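Shown next, in structure tokens, is the structure this report addresses.
Quantities reported herein were computed from a predicted structural model and do not represent experimental measurements.
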Amino acid sequence: MESNIFHLQYAIDTFYFLVCGALVMWMAAGFAMLESGLVRAKNTTEILTKNVALFAISCIMYLVCGYAIMYGGNIFLSGIADVDTAAVLGDFAGREDGFEGGSIYSGASDFFFQVVFVATAMSIVSGAVAERMKLWAFLVFAVFMTGFIYPMEGAWTWGGASVFGMYTLGDLGFSDFAGSGIVHMAGAAAALAGVILLGARKGKYGPNGEIRAFPGANLPLATLGTFILWMGWFGFNGGSVLKLGDIASANSVAMVFLNTNTAAAGGAVAALITARLMFGKADLTMLLNGALAGLVTITAEPSTPSALTATIFGAFGGVLVVLSIVTMDKLRIDDPVGAISVHGVCGLLGLLLVPITNSDVSFSGQIIGAITIFVWVFVASLIVWGILKAVMGLRVSEEDEYEGVDLSECGMEAYPEFVSGKQ
């Protein structure tokens, strides 16, 4: 009987990992729809190409070397599908807390759940450098980001390794439940490095400090992308509980789902109100980014806050993202989709809010962890972007940018029957 229970828990936890991983994979569609909706029509095909290609590259690079760097073990060459049933049952039997102990699941399911997180980090970069970066320069960077840069900081955080042999973040009181810093702020740091070297889109900023809006081509598509991301986030945060097969874990999963949803709602409403007060209008793009900001903010710790606290945390993110997007424009940091503000600024906010509801986490540990992640990813990305700029160039020609990168990079337009002119 006991053996059957152990088999059941193994099956439940493995299946839960796989379902949550599939939800996170679906976030790739959300990023593709959101970004293609927020760029101009002449750049739609290229950004869709980037999102599909970066997901494929992420899967291959993390399989080849990324997972080994982050957690150890050669997944690429080992038979992770082979399960030593006796060893698994023996591990269960050796527990003092039996069925209520930590999760045990298939190694393949663990890899699948981890690899979709890597793709999420890389997707963040895509939107920030949109409309003027060479497709192949971006894809080459994706190889380095997903195969080395992200896995290294992942090893120092979730992997438990010491940072260059100097200190261990876990010992300093650092915690990032599902990746506000490890995934989202890391992606934003890589994007910021690229944007700085790339420069703003032509005509975005005038000689006298003017900031010109470049409206997205398809706001219904951007809205669909936001809802897809909102849904996928239940797998992102919920799967990070790592277990479902006992009462305590099931309750934790339910609380994480609830807090994830209510933080997004709080962020959306707060951003909508902030935009109304600042601009006098209900700005849809700020509403969408507000929902995402709430999701990023709660990702660092969705299990310990109450639902009310999670809503307030999300609202903080919603207000902050509007202020950050406006500030980025004033600094002439051109981010067409607001990715650096949503994932970077609100990712940092999420890390700093963790100690409020989790007494096992210290503010100093969170600050040191945030600095470690940002400095490593930003500097490493800056080096890679710099090499790519020198070797192959990062930016398309001024003529190609004017005509749209759809034609110059992909040879086709997303809306060939409806494009009557260029902006």
Side-chain angles (χ1 to χ4, degrees), residues 23-24 26-27 29-38 120 123-124 127 178-180 183-185 187-188 213 215-216 218-238 255-302 305-329 335-350 353:
L23 281 172
V24 179
W26 186 233
M27 290 174 70
F31 279 113
M33 296 301 98
L34 175 67
E35 293 170 17
S36 61
L38 292 179
T120 297
S123 295
I124 294 165
S180 284
V183 178
H184 295 280
M185 191 175 69
N218 196 327
L219 292 184
L221 206 59
T223 304
L224 174 63
T226 301
F227 274 120
I228 292 174
L229 287 168
W230 193 329
M231 184 181 108
W233 230 286
F234 296 125
F236 200 95
N237 288 353
M255 198 66 205
V256 168
F257 270 57
L258 171 60
N259 285 344
T260 298
N261 188 65
T262 196
V269 172
L272 184 64
I273 294 172
T274 303
R276 176 65 174 82
L277 294 175
M278 291 180 65
F279 314 131
K281 302 291 182 180
D283 190 314
L284 173 62
T285 61
M286 292 299 182
L287 172 64
L288 301 180
N289 278 329
L292 298 178
L295 289 164
V296 171
T297 301
I298 200 62
T299 293
E301 183 48 87
S306 67
L308 175 60
T309 303
T311 307
I312 295 171
F313 284 177
F316 286 163
V319 173
L320 182 60
V321 76
V322 177
L323 299 177
S324 177
I325 289 172
V326 172
T327 301
M328 290 289 178
D329 261 341
D335 178 359
V337 303
I340 297 171
S341 296
V342 170
H343 301 276
V345 176
C346 293
L348 175 60
L349 173 65
L353 291 175

**Report entry** Derivation and outcome, side chain to side chain contact (heavy atoms under 4.5 Å, CB included), residues Phe236 and Val256
**Finding:** CA-CA 10 Å; Phe236 200 95; Val256 168; over 6 Å; no
Requested in this report: Please test Ser324 against Thr327 for side chain to side chain donor-acceptor pair (under 3.5 Å), starting from the C-alpha separation and ending with a verdict.
Outcome: CA-CA 5 Å; Ser324 177; Thr327 301; over 6 Å; no
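Residues meeting the ring pair (Phe, Tyr, Trp, His ring centres under 6.0 Å) test with Phe31, sequence neighbours left out: His343.
Around CZ of Phe227, the count of heavy atoms belonging to other residues, nucleotides or ligands within 6.0 Å does not exceed 12.
Contact between Met278 and Val322 at its shortest, heavy atoms only, is SD-CG1, 3.8 Å. Of all the heavy atoms in Ala275 and Met286, the pair that sits closest is CB-CB, 4.0 Å. Heavy-atom minimum distance, Asn259 versus Pro302: ND2-O, 2.9 Å. Listed here is the closest heavy atom pair of Ala315 and Ala270: O-CB, 3.4 Å. Of all heavy-atom pairs spanning Pro305 and Ile298, the tightest one is CG-CD1, 4.2 Å. Listed here is the closest heavy atom pair of Val296 and Cys346: CG1-C, 3.8 Å.
At a threshold of 4.5 Å between non-hydrogen side-chain atoms, the residues Asn237 and Phe257 do not count as touching. Between Phe316 and Thr311 there is no side-chain heavy-atom pair separated by less than 4.5 Å. Using a 4.5 Å heavy-atom threshold, the side chains of Trp230 and Asn261 count as touching. Side chains of Met27 and Ile228 form no contact here, defined as non-hydrogen atoms less than 4.5 Å apart. Taking the side chain as every heavy atom from C-beta outward, Val321 and Val345 never approach each other to under 4.5 Å. Two residues are said to be in side-chain contact when any heavy atoms from C-beta on lie closer than 4.5 Å; His184 and Ile124 meet this criterion.
Among Leu224, Leu292, Thr120, Leu288, the one residue that satisfies the side-chain contact (heavy atoms from CB on, under 4.5 Å) test with Leu229 is Leu292.
Note: Leu348 CG to Thr297 OG1 = 10.0 Å, rounded to the nearest 0.5 Å. Between atom CD1 of residue Ile325 and atom OG1 of residue Thr285 there is a gap of 7.0 Å, rounded to the nearest 0.5 Å. A distance of 10.0 Å separates CE of Met255 from OG1 of Thr260, quoted to the nearest 0.5 Å. Taking CG of Asp335 as the start and CG of Asp329 as the end, the distance is 9.0 Å to the nearest 0.5 Å. Note that CG of Leu38 is 9.0 Å distant from CG of Leu221, once rounded to the nearest 0.5 Å.
If you check the side chains of Thr226 and Thr223, you find no donor sitting under 3.5 Å from an acceptor. For the 3.5 Å distance criterion, the side chains of Thr299 and Trp233 qualify, holding a donor opposite an acceptor.
No donor-acceptor distance shorter than 3.5 angstrom exists from the side chain of Ser341 to the backbone of Gly338, with no hydrogens or angles considered.
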